[in-house]
Amino acid sequence: MDAGTRLFRTALLGLAGNRAARKLSERYGMRLGASRFVAGETMEEALGHAKRLNDAGIAVTLDLLGESIQSLDEVKVCEIGYVDLLQAIDREQINGNVSLKPTQFGLALDAESCFESIRTVVREAERLGLFVRLDMEDSPWTDATIGIVRRLHGEGLKNVGTVIQAYLYRSVQDVKQLSAERINLRLVKGAYKEPGSIAFPAKKDVDSNMRRLIRARLESGEYTAIATHDESIIRWVKSYARSRRIPRTAFEFQMLYGIRTPLQESLAREGYTVRSYVPFGRSWYPYFVRRLAERPANVTFIVKSLFKRG
């Protein structure tokens with residue numbers, strides 16, 4: 001990544017937490033182009049997009065966006081929102097599950113209250129025969145997030161899993177231990193800025209570790225979600241699975257809503273399980289800014305869209 005791109009990303013990510021920019025953006029809503037990456041502000045809108053993805057042979061994981069939780073009252077609202085979402089997935093017969101962030105459930109405020117709220121969601125999902133993924137955030141929350149999943153499994157709630165990030169040095173050991181515990185994992189490269197003392201600074205090393213983690217999971221026999229838009233890794237997974245006679249039912253590919261849609265559809269047509277990460281909600285602004293920060297081309301797309309509307 002060159003200096004100009006780093007500066008661009010830093011500036012954009014700075015806007016993610018800027019209240020004035022957020023207020024201005026949310027005033028104009030989806031007209032800013034967020035609709036490319038966010039499946040609406042309401043559950044009904046998101047379910048409509050989920051059905052269309054299902055019609056294309058793509059499963060979904062729905063994420064009710066929300067950040068910067070300030071009180072336990074907000075956590076309760078989030079808990080109710082996810083229970084309603086699970087019931088809607090069941091009622092509308094959506095091929096999907098849900099993803100949630102522990103800090104959205106108050107992990108930074110009260111760890112025990114956070115656990116109890118997440119357990120409520122997971123129990124409702126179990127009742128409906130659905131799955132819950134605990135998204136992994138930056139490194140201060142890694143141990144706590146894994147701990148919540150282990151505790152839920154210990155209570156007999158097996159319909160919950162988490163995420164392991166390939167850019168962390170610790171991930172090889174985490175995958176080994178969690179695979180032995182038969183915990184469902186999503187493998188990702190990782191998107192947070194972490195110090196070199198705990199994370200691989202070079203992309204090539206992250207890519208190499210990603211392959212190492214995928215190989216370990218596939219050989220473990222535990223179901224694995226491989227979350228990447230990197231076609232070289234996707235090709236490698238397909239080749240490795242064929243050479244080791246690992247069935248396509250042993251894993252799935254996951255990608256973000258609105259990104260590499262033709263690739264998602266192509267993989268689905270080939271017979272692979274593909275799941276689209278579908279975020280929605282009125283608190284879409286920080287998520288939208290992070291998607292823009294990932295690639296300058298995303299900003300170009302938004303600017304063109306605004307001129308077309310004009």
What pair of heavy atoms forms the shortest contact from [X] to [Y], and how long is it?
| X | Y | result |
| --- | --- | --- |
| E126 | N159 | N-ND2, 3.0 Å |
| V278 | A39 | CG1-CB, 3.4 Å |
| L213 | A166 | CD1-CA, 3.7 Å |
| A56 | A268 | O-CB, 4.1 Å |
| A241 | F251 | CB-CE2, 3.9 Å |
| F105 | C78 | CE1-SG, 3.5 Å |

State plainly whether one hydrophobic cluster holds both Y223 and L157, where clusters connect Ile, Leu, Val, Met, Phe, Trp and Tyr through side-chain heavy atoms under 4.5 angstrom apart.
no
Is M136 reachable from F131 through a run of hydrophobic residues whose side-chain heavy atoms are each under 4.5 Å from the next?
no
When rounded to the nearest 0.5 angstrom, what is the spacing between [atom1] in [X] and [atom2] in [Y]?
| X | Y | atom1 | atom2 | result |
| --- | --- | --- | --- | --- |
| I234 | T228 | CD1 | OG1 | 5.5 Å |
| M43 | I89 | CE | CD1 | 9.0 Å |
| T273 | Q254 | OG1 | CD | 10.5 Å |
| S283 | E41 | OG | CD | 9.5 Å |
| T249 | Y272 | OG1 | OH | 12.0 Å |
| L53 | I94 | CG | CD1 | 9.5 Å |

What pairs of donor and acceptor atoms, side-chain ones from residues 115-123 against any protein atom, are under 3.5 angstrom apart with sequence neighbours left out?
| from | atom 1 | to | atom 2 | distance (Å) |
| --- | --- | --- | --- | --- |
| S117 | OG | E79 | OE1 | 2.9 |
| S117 | OG | S113 | O | 3.4 |
| R119 | NH1 | E155 | OE1 | 3.3 |
| R119 | NH1 | E155 | OE2 | 3.0 |
| T120 | OG1 | E116 | O | 3.1 |

Could you check whether any side-chain heavy atom of [X] comes within less than 4.5 Å of a side-chain heavy atom of [Y], counting everything from C-beta outward?
| X | Y | answer |
| --- | --- | --- |
| D135 | Q104 | no |
| F37 | L256 | no |
| V98 | L86 | yes |
| S99 | Y277 | yes |
| W284 | P279 | no |
| I246 | Y240 | yes |
| D110 | V75 | no |
| N54 | V60 | yes |

Output yes when a side-chain donor or acceptor of T103 lies under 3.5 Å from a complementary backbone atom of A108, and no otherwise.
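Absent.
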Give me the other members of the hydrophobic cluster that I198 sits in, counting Ile, Leu, Val, Met, Phe, Trp and Tyr linked by side-chain heavy atoms under 4.5 Å, directly or via other members.
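Grouped by the 4.5 Å side-chain rule, Y167, L168, Y169, Y192, F200, V206 form the rest of the cluster around I198.
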With R211 via side chain to side chain contact (heavy atoms under 4.5 Å, CB included) - residues at least two apart:
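R211 satisfies side chain to side chain contact (heavy atoms under 4.5 Å, CB included) with D207, S232, I233, W236 only.
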Sequence neighbours left out, what passes side chain to side chain contact (heavy atoms under 4.5 Å, CB included) with S208? Give chain and number order.
R212
Over 12 foreign heavy atoms within 6.0 Å of CD, Q173:
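Yes - once you tally the heavy atoms of other residues, nucleotides and ligands closer than 6.0 Å, there are more than 12.
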Counting heavy atoms not belonging to K176, are there more than 12 under 6.0 Å from its NZ?
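Open.
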Are K193 and D138 ion-paired here, with the side-chain N under 4.0 Å from a carboxylate O?
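Judged by the 4.0 Å cut-off on N to carboxylate O distance, K193 and D138 do not form a salt bridge.
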State whether K101 and E137 are salt-bridged, where the test is any N-O pair (Lys NZ or Arg NE/NH1/NH2 against Asp/Glu carboxylate O) under 4.0 Å.
no
So the salt bridge (Lys or Arg N to Asp or Glu O under 4.0 Å) pairs with at least one residue in residues 219-235 (sequence neighbours excluded) are R182-E222, K189-D230, E219-R244, E231-R260
In chain order, what residues pass the side chain to side chain donor-acceptor pair (under 3.5 Å) check against R217, with sequence neighbours excluded?
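Partners of R217 under the side chain to side chain donor-acceptor pair (under 3.5 Å) test: S179, T224.
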Carefully, step by step, assess F253 and Q264 under the rule side chain to side chain contact (heavy atoms under 4.5 Å, CB included).
CA-CA 8 Å; F253 291 111; Q264 296 184 41; over 6 Å; no
R275 and N95: side-chain donor and acceptor closer than 3.5 Å?
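The criterion, which ignores hydrogens and geometry beyond distance, is not satisfied for N95 and R275.
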In sequence, state the C-alpha distance, the side-chain angles, and the governing distance for R170 and D143, and then conclude on salt bridge (charged side-chain N to carboxylate O under 4.0 Å, His left out).
CA-CA 11 Å; R170 62 175 286 171; D143 283 325; 2.8 Å; yes
Side chain to side chain contact (heavy atoms under 4.5 Å, CB included) evaluation trace for N209 with V172
CA-CA 8 Å; N209 203 42; V172 170; 3.4 Å; yes
Show your reasoning for whether side chain to side chain contact (heavy atoms under 4.5 Å, CB included) applies to V274 and E265.
CA-CA 8 Å; V274 180; E265 294 172 344; over 6 Å; no
Checking N184, V149, I183 against L178 for side-chain contact (heavy atoms from CB on, under 4.5 Å), the one that qualifies is I183
Please determine whether side chain to side chain contact (heavy atoms under 4.5 Å, CB included) holds for the pair T162 and L185, giving the CA-CA distance in whole Å, both sets of side-chain angles, and the decisive distance to 0.1 Å.
CA-CA 5 Å; T162 189; L185 297 178; 3.9 Å; yes
So Y257 and H49, would you call those rings parallel, tilted or perpendicular, with 30° and 60° as cut-offs?
perpendicular
